[in-house]
Amino acid sequence: MASGRRALPNILVTGTPGVGKSTLCEQLAENTGLEWLEVGQIAKEFECFEEYDEVYQCPVLDEEKLLDEMEDKMSEGGRIVDYHGCDFFPERWFDIVFVLRTDNKWLYDRLVSRGYSGKKLEDNIQCEIFQTILEEAQGAYKPEIVHELRSDTPAEMEDNLEKITAWVEQWKNGACT
């Protein structure tokens, strides 16, 4: 297992846009000292795009180029990866995967406040309804490392931060292998 070769763990935080991934990852990086890798920022920095999707009004990710850019950092360990997709990342990269989920009454307002509308809004709401990202993660990684976390309220978000921070501390102390 990859975790036996790294001094610090790699964590994937994934979920539908608007579930609180970036908020959690930023705080988690502050609490643990692990490096937060925002996949969207890496893709922009290294121009990891194939084309532009007019329907969704966003660039289409060149997954292979992105993976090439991230490989060395991931092999070192100590990374928190934040992205709304997950099944294209190599399984060996992650020691634990957290899929954030939220009720659509919260998600709808969060996405609208970001300017989502039309098909993009509808598709993201449906993605959450049908647990698309959770099922993607469960299909791509060992079941024992995939964990679903509720991310509806500030209290749940704080609880998630505390649980993951505690897990990282256990890892550093050798309790997680």
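All values below were derived from every heavy atom in this structure, side-chain atoms included, with hydrogens, water molecules and symmetry-related copies excluded.
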Is it the case that the side chain of [X] and the backbone of [Y] share a donor-acceptor pair, with hydrogens and angles ignored and the cut-off at 3.5 Å?
X: Asn173; Y: Glu169; value: yes
X: Gln57; Y: Glu54; value: yes
X: Ser151; Y: Met157; value: no
X: Glu50; Y: Val60; value: no
X: Lys21; Y: Gly15; value: yes
X: Asn10; Y: Trp93; value: yes
X: Arg114; Y: Val112; value: no
X: Glu38; Y: Asp82; value: no

Please determine whether a side-chain nitrogen of the Lys or Arg among [X] and [Y] lies less than 4.0 Å from a carboxylate oxygen of the Asp or Glu.
X: Arg92; Y: Glu71; result: yes
X: Lys105; Y: Asp103; result: no
X: Lys119; Y: Glu122; result: no

Run the numbers on Leu12 and Cys86 for side chain to side chain contact (heavy atoms under 4.5 Å, CB included), then give the verdict.
CA-CA 8 Å; Leu12 174 60; Cys86 64; 3.6 Å; yes
Is there a path of hydrophobic side-chain contacts, each under 4.5 Å between heavy atoms, that joins [X] and [Y]?
X: Leu67; Y: Phe94; result: yes
X: Tyr141; Y: Phe88; result: yes
X: Phe89; Y: Leu61; result: yes
X: Trp106; Y: Leu161; result: no
X: Phe46; Y: Val81; result: yes

Smallest separation among heavy atoms of [X] and [Y], with atom names:
X: Leu34; Y: Pro9; result: CD1-O, 4.2 Å
X: Glu69; Y: Cys48; result: CG-SG, 4.1 Å
X: Thr14; Y: Gly85; result: OG1-O, 3.5 Å
X: Ala29; Y: Trp36; result: CB-CB, 3.8 Å
X: Pro17; Y: Leu107; result: O-CD1, 3.1 Å
X: Asn160; Y: Leu24; result: C-CD1, 4.3 Å

[atom1] ([X]) with more than 12 external heavy atoms under 6.0 Å:
X: Lys172; atom1: NZ; result: yes
X: Phe49; atom1: CZ; result: yes
X: Glu76; atom1: CD; result: yes

Output, in order, the C-alpha distance, side-chain angles, deciding distance and verdict of side chain to side chain contact (heavy atoms under 4.5 Å, CB included) for Tyr83 and Leu37.
CA-CA 9 Å; Tyr83 197 58; Leu37 301 179; over 6 Å; no
Begin with the C-alpha distance, continue with both residues' side-chain angles, and end with the deciding distance and a verdict on side chain to side chain contact (heavy atoms under 4.5 Å, CB included) for Met70 and Arg79.
CA-CA 10 Å; Met70 293 179 66; Arg79 307 296 191 254; over 6 Å; no
Spacing of [X] atom [atom1] and [Y] atom [atom2] [to the nearest 0.5 Å]:
X: Cys25; Y: Glu30; atom1: SG; atom2: CD; answer: 11.5 Å
X: Leu28; Y: Thr165; atom1: CG; atom2: OG1; answer: 5.0 Å
X: Gln138; Y: Asp87; atom1: CD; atom2: CG; answer: 12.5 Å
X: Leu121; Y: Leu111; atom1: CG; atom2: CG; answer: 6.0 Å
X: Asn31; Y: Glu26; atom1: CG; atom2: CD; answer: 11.0 Å
X: Asn124; Y: Arg110; atom1: CG; atom2: CZ; answer: 13.0 Å

Can you check whether Trp171 reaches Ile96 side chain to side chain, under 4.5 Å on heavy atoms?
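SC-SC contact between Trp171 and Ile96 ruled out.
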Without placing hydrogens or testing angles, list every side-chain donor-acceptor pair under 3.5 Å for residues 127-134, not counting sequence neighbours.
residue : atom : partner : partner atom : Å
Glu128  : OE1  : Thr16   : OG1          : 2.6
Glu128  : OE2  : Arg101  : NE           : 2.9
Glu128  : OE2  : Thr102  : N            : 2.9
Gln131  : OE1  : Arg101  : NH1          : 3.3
Thr132  : OG1  : Cys127  : O            : 3.3

Determine, stepwise, if the pair Ile164 / Ile80 fulfils side chain to side chain contact (heavy atoms under 4.5 Å, CB included).
CA-CA 11 Å; Ile164 299 171; Ile80 304 164; over 6 Å; no
